[in-house]
Amino acid sequence: MKNYEIMFIVRPTLSEDEIKKVSDNFVKVIKDNGGKVTENKALGQRELAYEIKKFKSGYYFVFEVEAKDDKAIKEFDRLALISSDIIRHLITKIEK
């Protein structure tokens with residue numbers, strides 16, 4: 001099993017229900033593609049160090065993911081790039 005950490009920032013103009021829905025949808029994407037979210041942390045709204053897509057703050061989330069292959073990670077990456085709700089994301093492979 002390979003371990004990954006995914007950090008992403010959701011745009012601050014969404015309501016709390018919409019923000020939760022974005023997070024849940026991406027958990028589902030990972031599960032549907034053979035991955036397992038071992039930890040799901042919502043870090044709340046924080047100020048950004050610099051403007052990203054004209055936003056000065058965003059809602060931070062961190063997922064820790066286990067996957068046999070990188071199919072789930074690639075699908076998350078693809079959908080995060082397309083999504084207008086995610087303003088930035090970072091995927092890091094964790095060596096254990």
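Keep in mind that this is a model prediction, so the values were computed, not measured.
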Heavy atoms, side chains only, cut-off 4.5 Å: are I91 and F76 in contact?
yes
Below 3.5 Å, can you tabulate the donor-acceptor pairs from side chains in residues 60-74 to any protein atom, sequence neighbours excluded?
residue, atom, partner, partner atom, Å
D69, OD1, K71, N, 3.3

Flag side-chain contact, heavy atom, 4.5 Å: L81 against H89
yes
Taking C-beta and beyond as the side chain, do K93 and K2 meet within less than 4.5 Å on heavy atoms?
yes
Measure the CG-NZ distance between N3 and K36 for me, rounded to the nearest 0.5 Å.
10.5 Å
Could you give all pairs that pass the salt bridge (charged side-chain N to carboxylate O under 4.0 Å, His left out) test and reach residues 10-28, with sequence neighbours left out?
R11-D85, K20-D24, K28-D32
Starting at CG of L90, measure out to CD1 of I6 and round the result to the nearest 0.5 Å.
9.5 Å
Modelled atom types, side-chain donor and acceptor of Q45 and S57, under 3.5 Å
yes
Rounded at 0.5 Å granularity, tell me how far NZ in K53 sits from OG in S84.
8.5 Å
With a 4.5 Å heavy-atom cut-off, do V10 and S23 have their side chains touching?
no
Run the side-chain contact (heavy atoms from CB on, under 4.5 Å) check on L79 and F26 step by step: do they pass?
CA-CA 9 Å; L79 293 174; F26 279 101; 3.8 Å; yes
Where is the tightest heavy-atom contact between P12 and F55, given as atom of each residue plus distance?
CD-CD2, 3.6 Å
Should M7 and I19 be counted in the same cluster of Ile, Leu, Val, Met, Phe, Trp and Tyr side chains packed under 4.5 Å apart?
no
Find the distance between CZ (R88) and CD1 (I9) and round it off to the nearest 0.5 Å.
7.0 Å
